[in-house]
Protein chains: 2
Amino acid sequence: MSRTSQADKRRTLNAQKITEAAIELADSQGIEALSMRKLATQLGVTAMSIYNHVANKDDLLSLMLDHVVSEFERPQIKGDWQETMRRRAHSMRQAFLRHPWAPPLLISTITNGEQTMRDTDATLGCLINAGFTYAAADWARNAIDSHIYGYTMQELNFPVEPDEYKAAAAHYLPMIEKSDFPYLHGATLALVNGEYDGVTQFDFGLNLLLEGLARQLQSGQLS
Amino acid sequence: MSRTSQADKRRTLNAQKITEAAIELADSQGIEALSMRKLATQLGVTAMSIYNHVANKDDLLSLMLDHVVSEFERPQIKGDWQETMRRRAHSMRQAFLRHPWAPPLLISTITNGEQTMRDTDATLGCLINAGFTYAAADWARNAIDSHIYGYTMQELNFPVEPDEYKAAAAHYLPMIEKSDFPYLHGATLALVNGEYDGVTQFDFGLNLLLEGLARQLQSGQLS
DNA sequence: ACCTGAACACCGTTCAAGT
DNA sequence: ACCTGAACACCGTTCAAGT
C-alpha cells in the first residue's frame with residue numbers, strides 16, 4: 001500500500017506542477033510565505049522531494065517568472081506599433097496585478113527564460129518593423145518597460161485602495177504640518193475637499209512616452 | 001576593565017551608527033548579506049544589542065532608506081521646473097547606483113520617513129509652482145518616478161558592463177537561433193558588428209516625459 | 001539603561017538511506 | 001528514478017539574566 005501511494009506521487013509530481021503550486025502560494029500568501037517546506041506541504045510531499053525536479057529555489061523562481069512572462073500579450077510584428085505596445089503594456093500590468101511578487105524579481109533576473117526571449121524578440125520586431133533603428137528600438141523598449149515596471153511597483157505597494165483615498169487623506173491631514181510640508185498639505189487638503197481624486201493613471205505616463213516616440217520617429221530622429 | 005569596555009560600547013552604539021554600518025554592509029556585501037548577527041559583529045557587539053536602538057529589522061531598513069532619500073537633491077520650488085526635475089532624477093539615479101539594494105525596498109515602503117515627505121513636498125511644490133494642478137502634479141511626479149525606479153532597476157540588474165556589451169553579444173550570438181528569434185538575432189548581430197553600442201540612455205526616456213509634460217502644460221491641458 | 005547568552009521557530013540545502 | 005529523515009549552517013526575535 002505504501003508502494004502504491006509512492007507510485008502515485010511519482011506520477012503526479014513534476015516541475016510544472018511544482019511551479020503552478022508555487023505561483024498559487026505566492027499569489028495568495030505572498031512571496032515571503034513561499035518556502036520549500038510550505039510548498040512541499042501544499043503538494044503533500046516532503047521538502048526534499050522538490051529537489052528531484054528543480055535544482056534549487058532560484059531555479060524554481062525562474063520557472064515561476066517565465067510563466068508570468070507567458071501571460072504577457074505577445075506583440076504582433078505587423079500592425080499599429082503604438083497600439084501593439086499599448087496592448088503589451090496593459091497585459092503586463094494585468095499580469096503583475098495577478099502576481100504582485102513578480103516585478104521586483106523579474107527586473108532583477110539575470111538569465112532570461114524562453115518566454116522572456118520571445119517577448120523581447122517580438123517587441124523589438126514590432127518597433128524595427130515600424131521604422132525604428134536597432135538602437136532606437138532598444139531605447140524605446142527600455143523606456144516603455146521602465147514605466148511599466150516603475151508604475152506597477154508603485155501602484156502595487158501603495159498603502160490604500162483608490163476608494164479609500166479621501167478617507168485616508170482626512171485621517172493623515174492633521175499629521176502633515178502646513179508649515180513643514182505646505183504643498184503636501186495642500187494636495188492632501190484638495191483630496192479631502194474632493195478637488196481631485198488622487199488616482200494616478202497608467203496611461204498618462206505611457207501616452208507621454210508613446211506620443212514622444214511617435215513624434216521623434218516621424219521627424220526622422222529614430223530611423 | 002570589563003566595566004570600562006561596556007561603558008565604551010554604551011557611548012558608541014546608537015541608531016545612527018547602526019544605520020550607517022548597515023548601509024555600508026549592504027553597499028559592499030549586498031542586501032542579502034545584511035543580517036542582524038553579521039551587522040552586530042561588524043559593530044563589535046552582540047546581535048541583541050541592536051534591538052536596544054531599533055525596534056526590529058524592518059525598522060532598521062526604514063532608517064537606511066530614509067538616509068538614501070536624504071541623498072536626493074531637494075527640488076527648488078522656484079526656477080525652471082524641467083531643469084529641477086532633471087537634477088532630482090539624476091541625483092536619485094546616482095544615489096541608487098551607490099546603494100543598489102535601495103530601489104526595490106524604497107518603492108515597496110509603506111510608511112514614509114521624514115526625508116521622503118520632504119522630497120515629495122518639494123517635488124509637488126516645484127510642479128504646482130510651474131502651473132500644474134494638484135492632479136497633474138501628482139500624475140507627473142508618478143510618471144517621472146516610474147521612469148527613475150524602472151530604469152535604474154533595469155540598469156542595476158543588467159548582467160554585463162557597457163564596455164563588455166560587444167564581447168557578450170559575440171558570446172551569446174550562437175545561442176540565439178535566427179529562425180526562432182529573428183529580431184533579437186539581428187539586434188545582437190548589429191551589436192557585434194558595431195552598428196550600435198547597446199547603451200540605453202536614462203535621459204532618453206526622461207526627456208520624452210519632460211517634453212511631453214511641457215507640451216501639455218503649454219497647451220493648457222494640465223493647468 | 002543597555003548588553004548578553006540561551007533558546008525558539010523558522011529558513012535553504014546536503015547527504016546517506018531507503019524503495 | 002524518486003522520496004525521505006536527519007543534520008548543518010544559517011536566519012529574526014523573545015526572554016530572563018546580568019551590570
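Chain letters run A, B, ... following the sequence lines, proteins first and then strands; every chain starts at 1.
- Comparing C:dC3, D:dC3, D:dG12 by their nearest atom to the side chain of B:Met36 picks out D:dG12.
- If you run side-chain contact (heavy atoms from CB on, under 4.5 Å) between A:Ile148 and each of A:Met153, A:Arg88, A:His90, only A:Arg88 comes through.
- The side chain of B:Met48 approaches C:dG5 more closely than any other nucleotide in the set D:dG12, C:dG5, C:dC3.
- In this structure, A:Lys57 does not reach the C:dC11 phosphate: none of its side-chain N or O atoms is under 4.0 Å from OP1 or OP2.
- Across all strands, B:Ile50 comes closer than 4.0 Å to no nucleic acid atom at all (heavy-atom distances).
- Spacing between atom CD of A:Glu32 and atom P of D:dT13 amounts to 14 Å, rounded to whole angstrom units.
- Taking a pair to require two hydrogen-bonding distances under 3.5 Å in either a Watson-Crick or a G-U wobble arrangement, D:dA16 pairs with C:dT4.
- Across all strands, B:Ser49 comes closer than 4.0 Å to base atoms (heavy-atom distances).
- The pairing partner recorded for D:dC10 is none, the criterion being a Watson-Crick or G-U wobble arrangement whose two distances lie under 3.5 angstrom.
- Considering CE of B:Met92 and CZ of B:Arg87, their distance stands at 15.0 Å, rounded to 0.5 Å.
- If you measure from atom CD1 of B:Ile31 to atom P of D:dG12, you get 11 Å, rounded to the nearest angstrom.
- Looking at A:Asp138 and A:Arg141, a side-chain N of the basic residue comes within less than 4.0 Å of a carboxylate O on the acidic one, giving a salt bridge.
- One atom, CG of B:Leu34, and another, C1' of D:dC10, lie 15 Å apart when rounded to the nearest Å.
- Taken to the nearest 0.5 Å, the CD atom of A:Gln154 stands 10.5 Å off from the CG atom of A:Leu156.
- In this structure, CG of B:Asn14 is placed 15 Å from C1' of C:dC3, rounded to the nearest angstrom.
- For B:Asn52, the listed nucleotide lying nearest its side chain is C:dC2; candidates were C:dG12, C:dC2, D:dG12.
- Not less than 6.0 angstrom separates the ring centroid of B:Phe96 from the ring centroid of B:Tyr151.
- The CG-C1' distance, from B:Leu13 to C:dA1, rounds to 13 Å in whole Å.
- Where A:Arg37 and A:Ala47 meet DNA chain D, the nucleotide closest to each residue was compared, and A:Ala47 sits on the side nearer the 5' end.
- Residue A:Leu39 is classed as having no contact, given no heavy-atom separation below 4.0 Å to the nucleic acid.
- The nearest whole Å value for the distance from the OH atom in B:Tyr51 to the P atom in D:dG12 is 6 Å.
- You'll find that the side chain of B:His53 is closest to C:dC3, out of C:dG5, D:dT13, C:dC3.
- When each of C:dG12, D:dG12, D:dG5 is scored by its nearest atom to the side-chain atoms of B:Ser35, the top-ranked nucleotide is D:dG12.
- At whole-Å resolution of the value, NZ in B:Lys38 and C1' in D:dA9 are 11 Å apart.
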